[in-house]
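Since the structure is predicted, the reported quantities are computational estimates derived from the model, not experimental observations. Residue numbers start from 1 in every chain, and the chains themselves are labelled A, B, ... in the order their sequence lines are given, proteins ahead of strands.
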2 protein chains.
Amino acid sequence: MIVYLNNSYLSSDDAFISPLDRGFLFADGVYESIRTYNKKLFRYNDHLERLKRSLREIEIDFEGCDSIEYIIYELIKKNKVKNEALVYLQITRGSTSTRTHCFPESKINPTVFISVKDYKPIKNEFYKGIKTILEEDLRWLRCDIKSTSLLPVVLANQKAAEAGAEEAVLVRNGLITEGTHTNFFAVKDETVFTAPASNFVLDGITKKVVLELCKQLKIKVREEHIRKDEMKNYNEFFITSTTKEITPVIQIDDWKIKGRTEGAITKKLQVAFNELTINN
Amino acid sequence: MIVYLNNSYLSSDDAFISPLDRGFLFADGVYESIRTYNKKLFRYNDHLERLKRSLREIEIDFEGCDSIEYIIYELIKKNKVKNEALVYLQITRGSTSTRTHCFPESKINPTVFISVKDYKPIKNEFYKGIKTILEEDLRWLRCDIKSTSLLPVVLANQKAAEAGAEEAVLVRNGLITEGTHTNFFAVKDETVFTAPASNFVLDGITKKVVLELCKQLKIKVREEHIRKDEMKNYNEFFITSTTKEITPVIQIDDWKIKGRTEGAITKKLQVAFNELTINN
């Protein structure tokens, strides 16, 4: 695999960073995952804007944002991607000779790492739906920043995997925030519910698309927290993300959401989303 | 500088890790900072036990803990450390060929990075005391694990540095938890107060020593949260850590703790701590 690291395209076997990189020492960095449909990046500008915001929020001064799109397409070519491409992009504050918590006093170059892989989505999941578990949301209080401080996400995901589930849906103070790497939606009374934008939730790009589609399709939306103890009042559940697109949730912990998997609104949104991506 | 990385001693200029290391991608790792007095590691067993606990809590299966002490002394020799040594040690879950949140399915080798630097403490601070600021505690809910998910710590430290302070003291729901890389203590009525051990606070080794010294010196201790809005009821404040030892706090935000810097109890503890380290 050819990856991009700090101005070079090189084999992933030859790509190395210093253990003094602040990304390694402090998780002092941000990332994005982006994908293509019809070999073309989907919602690239939204991802770029979110990346810029993340960088701004943690005050990483990176001037190369305008080159990223070019680099990604170069990587797609160099890796001879056959199907679609799934792009991973990480920018850290860079590395210094000593480990000090606060930002380096003199200007250093951020570390930029980009990889692409040949990607075939597990379409089956989109139709069949997935199992989820509920987990306490242990993350920090700035989940709106797409940072690499992801240990709580790793641990929650592992719990999901051990329970035979595909995603852990996070609960903070009795309220659903989001999935570990997806946004979470529920439907009742023909209305789509999802947590409001806040420091507890990442502003997902696919979430944004879903909210746009709801508007077009005249589906009512309420950006309100779904309460854990009121879950059973909803008829449909789905998660969204760049790789999961719109995926129905058919089980939450032990609760099998029988008869609700054919969720009319989830399906309607899936069809409209599919339309969008076909025309990307 | 000679560092230790995955079974090799090598120049820090030649020490590299993969950008696919889970420490870099997910902050999926833990660390320790340890120091010597009289060229001998101080409270090494306590650090080792805490490291083992951190590894256990995030389920990193590392079998090499028993070799760490030997490696550290080798590094001290190889780096010809003249004064004392400050040791940094980080263990991550290792690297795999693909980025997946949950643990790798097959066993992989953890990444082990250890560095030592020649260390002369800023003794001046121990006598003069330091300035601190109060910052909202944005960290995750498992601060008892010494993980590298440190972005909130970086950001709070940076705010302290910008305010000309040496430490940011963190407040969660109106209660002082701890400093970004120190434990926090306050004194009133001849009694030492510090936050009780919980998931919101790291179990500091120097904190442990201080609690032992209080017992020996018959100083009363109450492991209770200090309320932000009751700070002014206390007479003395100090922070503790491996590098800060016992350092008086002489300013909190704009509040100059005048006349309280000569804190009798802080001094008593400093003298006793100094005694311990002299005899290390």
Taking atom CG as the centre, does Asp14(B) end up with more than 12 heavy-atom neighbours from other residues, nucleotides or ligands that are less than 6.0 angstrom away? yes
With a cut-off of 6.0 Å (strictly less than), are more than 12 heavy atoms of other residues, nucleotides or ligands near CG of Asp118(B)? yes
Go through the atoms of Ala161(B) and report whether side chain, backbone, both or neither lie under 4.5 Å from a heavy atom of chain A. side chain
I need the residue from Ile58(A), Leu5(A), Leu20(A) with the largest number of non-hydrogen atom pairs under 4.5 Å to chain B. Ile58(A)
Relative to chain A, which segment of Thr100(B) carries a heavy atom at a distance below 4.5 Å: side chain, backbone, both, or neither? neither
Could you check if a side-chain atom of Asp21(B) sits within less than 4.5 angstrom of a side-chain atom of Phe16(A), using non-hydrogen atoms only? no
Looking at side-chain heavy atoms only, is the closest gap between Arg142(B) and Leu155(A) below 4.5 Å? no
Do you know which two heavy atoms are closest between Phe24(B) and Thr148(A), and how far apart they sit? O-CB, 4.2 Å
How far does OG of Ser18(B) sit from CZ of Phe113(A), to the nearest 0.5 angstrom? 6.5 Å
Val154(B) versus Arg22(A): any side-chain heavy-atom pair under 4.5 Å? yes
Are any of the side-chain heavy atoms of Asp28(A) and Leu150(B) separated by less than 4.5 Å? no
In short, Gly29(A) meets Leu151(B) closest at the heavy-atom pair O-CD2, 4.5 Å
Most chain B-contacting option - heavy-atom pairs closer than 4.5 Å, from Thr111(A), Leu25(A), Thr92(A), Val3(A): Leu25(A)
Could you grab the distance from atom NZ of Lys117(A) to atom OG of Ser97(B), nearest 0.5 Å is fine? 9.0 Å
Side chains of Phe103(A) and Asn157(B), heavy atoms from C-beta outward: is any pair under 4.5 Å? no
Mind checking the OG1-CE spacing from Thr98(A) to Met1(B)? Nearest 0.5 Å is all I need. 9.0 Å
In short, Ser149(A) meets Ala27(B) closest at the heavy-atom pair CA-CB, 4.2 Å
If you count the non-hydrogen atoms of other residues, nucleotides and ligands that lie under 6.0 Å from CG in Asn109(A), is the total more than 12? no
Greatest number of heavy atom pairs closer than 4.5 Å to chain B - which of Cys102(A), Ala15(A), Ser12(A): Cys102(A)
dist Arg99(A):CZ -> Ser115(B):OG (nearest 0.5 Å) comes out at 9.0 Å
